[in-house]
Amino acid sequence: MDSISNNTSSIYRALLKEKIISTATTCFHSQGIKAVKMDDIAHRLSISKRTLYELFHNKEELLLACIKSGRERFTKHLEELMRQGANTMDVFMDIITTQMDDTHRINPLFFAEMDKYPSVVNYLEKTRAEQHANSQEFFIKGVKEGYFRDDVNFDIVLEISNSCVEHVMKSAMYDRFPLYEIHHTVTIVFVRGLCTEKGVKCIDDTLRRVEK
């Protein structure tokens, strides 16, 4: 009986953690990170603060869990696309449309306030090297498939891309221009420049479809 009880308790805790992460992610995305209190999340889920703090010791720990969960979910989504036979441009366009959707859905403060949490910054820095290597492989494959130009240094592309994101957040450019418009402009000016005519057509077709 004890083993059954323990197993049931473990399942309940795992499900509750998932529910907390889902609810917290929604709150962080809509309000920004600073504005969300642990009390707010507990209240939304009708659980006690003690229960919440037993699973996540503080807001930073919960935020990190939310970010990891989102990345894992999106990675699995991309892996599934590739298992279904998607080419590099299919995957690239899925990433772009997801990011454009995020700029509509997510409060810019969410991105701007992440650097206030050391464990989140450390996690993002550790994953950056892995993402860089994966992106290099991805672009090389795209060149072979005829979507990306073969005369582009993609190390430079990735460095510039990271710098653009940092500048947008540090300069609070989103206060002067909608985040969606910033992303759309960068896609048109910067991303199209990486592509062959074949790739440009895919991007333009996708942007026209998204904007309808």
Side-chain angles (χ1 to χ4, degrees), residues 16-47 49 51-53 55-78 91-128 131 135 158 160-191 203 206-207 209-212:
L16 181 57
K17 284 189 78 169
E18 287 182 13
K19 197 169 183 180
I20 291 170
I21 289 172
S22 176
T23 299
T25 298
T26 299
C27 292
F28 291 143
H29 282 180
S30 62
Q31 302 173 50
I33 302 166
K34 185 178 179 180
V36 179
K37 310 300 181 188
M38 293 290 272
D39 287 6
D40 301 331
I41 296 167
H43 179 72
R44 274 177 173 256
L45 290 165
S46 298
I47 60 175
K49 287 194 294 182
T51 299
L52 178 58
Y53 279 105
L55 296 171
F56 299 98
H57 297 129
N58 52 52
K59 185 167 72 172
E60 183 170 348
E61 184 178 323
L62 176 54
L63 172 63
L64 180 59
C66 292
I67 292 171
K68 285 182 176 179
S69 176
R71 283 180 175 270
E72 289 168 4
R73 188 167 55 253
F74 189 57
T75 298
K76 288 179 182 177
H77 167 69
L78 296 181
V91 174
F92 197 48
M93 289 299 92
D94 190 272
I95 293 171
I96 287 176
T97 52
T98 297
Q99 289 175 340
M100 293 181 81
D101 179 61
D102 286 347
T103 60
H104 279 303
R105 229 176 14 90
I106 301 176
N107 189 322
L109 289 174
F110 172 75
F111 301 109
E113 292 171 351
M114 280 197 288
D115 65 358
K116 304 289 193 299
Y117 301 88
S119 64
V120 172
V121 173
N122 289 338
Y123 169 72
L124 295 176
E125 287 178 350
K126 286 178 182 178
T127 58
R128 189 167 293 166
Q131 288 176 330
S135 296
L158 294 169
I160 292 174
S161 176
N162 289 333
S163 296
C164 283
V165 172
E166 289 177 8
H167 175 71
V168 168
M169 292 303 140
K170 288 182 179 178
S171 67
M173 191 185 293
Y174 50 81
D175 284 339
R176 291 179 287 131
F177 307 100
L179 200 54
Y180 172 85
E181 187 176 344
I182 294 171
H183 188 278
H184 182 268
T185 301
V186 170
T187 300
I188 291 176
V189 175
F190 184 60
V191 177
I203 288 179
T206 300
L207 289 176
R209 188 172 65 252
V210 170
E211 290 166 1
K212 285 182 180 179

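What you see is a predicted model; the values in this text were computed from it and never measured. By convention here, the first residue in the shown sequence is residue 1.
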task: Evaluate the criterion side-chain contact (heavy atoms from CB on, under 4.5 Å) for residue pair I106 and F111; output intermediate values, then yes/no.
output: CA-CA 9 Å; I106 301 176; F111 301 109; 3.7 Å; yes

message: Walk me through whether L62 and N58 qualify under side-chain contact (heavy atoms from CB on, under 4.5 Å).
response: CA-CA 7 Å; L62 176 54; N58 52 52; over 6 Å; no

- request: Check step by step if side-chain contact (heavy atoms from CB on, under 4.5 Å) holds for V186 and V168.
  value: CA-CA 11 Å; V186 170; V168 168; over 6 Å; no

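The shortest distance between side-chain heavy atoms of T206 and I96 does not fall below 4.5 Å.
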Side-chain donor/acceptor pairs under 3.5 Å, residues 31-42, sequence neighbours excluded:
from, atom 1, to, atom 2, distance (Å)
D40, OD2, K37, N, 3.0

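Listed by first then second residue, pairs satisfying side-chain hydrogen bond (donor to acceptor under 3.5 Å, both in side chains) with a partner in residues 62-74 read S69-R73, not counting sequence neighbours. Residue pairs meeting the salt bridge (Lys or Arg N to Asp or Glu O under 4.0 Å) criterion with at least one member in residues 19-29, sequence neighbours excluded, do not occur. Within the structure, every pair that satisfies the ring-ring contact (aromatic ring centres under 6.0 Å, His included) test and touches residues 22-47, not counting sequence neighbours, is listed here: H29-F110. For the side-chain hydrogen bond (donor to acceptor under 3.5 Å, both in side chains) condition, the pairs that include at least one residue of residues 100-109, sequence neighbours left out, are D101-R105, D102-R105.
Partners of V121 under the side chain to side chain contact (heavy atoms under 4.5 Å, CB included) rule, at least two apart in sequence or in another chain, are D115, E125. The side chain to side chain contact (heavy atoms under 4.5 Å, CB included) check on H57 picks up E61, with sequence neighbours excluded. Contacts of T75 classified as side chain to side chain contact (heavy atoms under 4.5 Å, CB included), with partners at least two apart in sequence or in another chain: E79. Applying the ring-ring contact (aromatic ring centres under 6.0 Å, His included) test to Y123 and every residue at least two apart in sequence or in another chain returns nothing. For E181, the side chain to side chain contact (heavy atoms under 4.5 Å, CB included) partners are P178, T185, not counting sequence neighbours. With sequence neighbours excluded, no residue forms a side-chain hydrogen bond (donor to acceptor under 3.5 Å, both in side chains) with T98. Shown here are the side-chain hydrogen bond (donor to acceptor under 3.5 Å, both in side chains) partners of S22, two or more places apart in sequence or in another chain: there are none.
Side chain of T97 to main chain of D94: a donor-acceptor pair is present (N/O by atom type, distance under 3.5 Å, no hydrogens or angles). Between the side chain of T187 and the backbone N or O of H183 there is at least one donor-acceptor pair closer than 3.5 Å.
Nearest heavy atom pair, residue M169 against residue P108, reads SD-O, 4.3 Å.
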